[in-house]
K.L.:
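What follows is a structure written as structure tokens; I'll ask about it next.
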Amino acid sequence: MTPLSSTTVPAPRPAADDRPTAASRLRAHAAALQAHAERLRTRAAAVSWTGPEATAFHRQIEQLADRCSVAAQALTRSAAHLDI
């Protein structure tokens with residue numbers, strides 16, 4: 001027969017009221033992504049160089065900012081579904 005081993009009891013979890021909800025965490029990520037998109041657009045607009053490379057650079061930055069915005073909107077919608 002094998003001797004019984006002692007098990008460690010984990011510490012109690014924080015109260016549900018003290019933990020951020022999944023929806024609030026999604027909203028925080030959405031806000032961060034949206035802020036990142038705005039920073040990208042602002043800084044790309046501040047670039048003073050011109051020419052084909054500058055046009056390509058602005059296009060790529062705008063596409064990246066759009067992707068951030070779309071992801072932020074999706075996270076916000078997901079958070080709304082969690083609230084239901």
K.L.:
Check whether any side-chain heavy atom of L26 sits under 4.5 Å from a side-chain heavy atom of T76, and report yes or no.
P.N.:
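Counting from C-beta outward, L26 and T76 never come under 4.5 Å.
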
K.L.:
Starting from L40, can I reach L33 by hopping between I/L/V/M/F/W/Y residues whose side chains sit under 4.5 Å apart?
P.N.:
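No.
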
K.L.:
Are F57 and L64 grouped together when hydrophobic residues (ILVMFWY) are joined by side-chain heavy atoms under 4.5 angstrom apart?
P.N.:
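Yes.
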
K.L.:
Are L75 and L82 connected in the hydrophobic side-chain network, where two residues link if heavy atoms are under 4.5 Å apart?
P.N.:
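Both belong to a single hydrophobic cluster.
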
K.L.:
Give, for atom CG of D83 and atom OG of S78, the distance between the pair rounded to the nearest 0.5 Å.
P.N.:
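Reported value, rounded in 0.5 Å steps: 11.0 Å.
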
K.L.:
Pair T55, Q60 - check side-chain contact (heavy atoms from CB on, under 4.5 Å), show working.
P.N.:
CA-CA 9 Å; T55 303; Q60 286 180 331; over 6 Å; no

K.L.:
Hey, does H58 have a side-chain heavy atom less than 4.5 Å from the side chain of V47?
P.N.:
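Yes. Closest side-chain heavy atoms under 4.5 Å.
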
K.L.:
What closest approach, in Å, do C68 and A37 show between heavy atoms, and which atom pair accounts for it?
P.N.:
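Closest approach of C68 to A37: CB-CB, 3.8 Å.
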
K.L.:
Nearest heavy-atom pair of S69 and Q34: which atoms, and what distance?
P.N.:
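Smallest interatomic distance, heavy atoms only, reads OG-NE2, 3.3 Å.
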
K.L.:
Working note: E38 + R41, criterion salt bridge (Lys or Arg N to Asp or Glu O under 4.0 Å); need CA distance, chi angles, decisive distance, verdict.
P.N.:
CA-CA 5 Å; E38 293 307 314; R41 288 185 178 105; 3.5 Å; yes

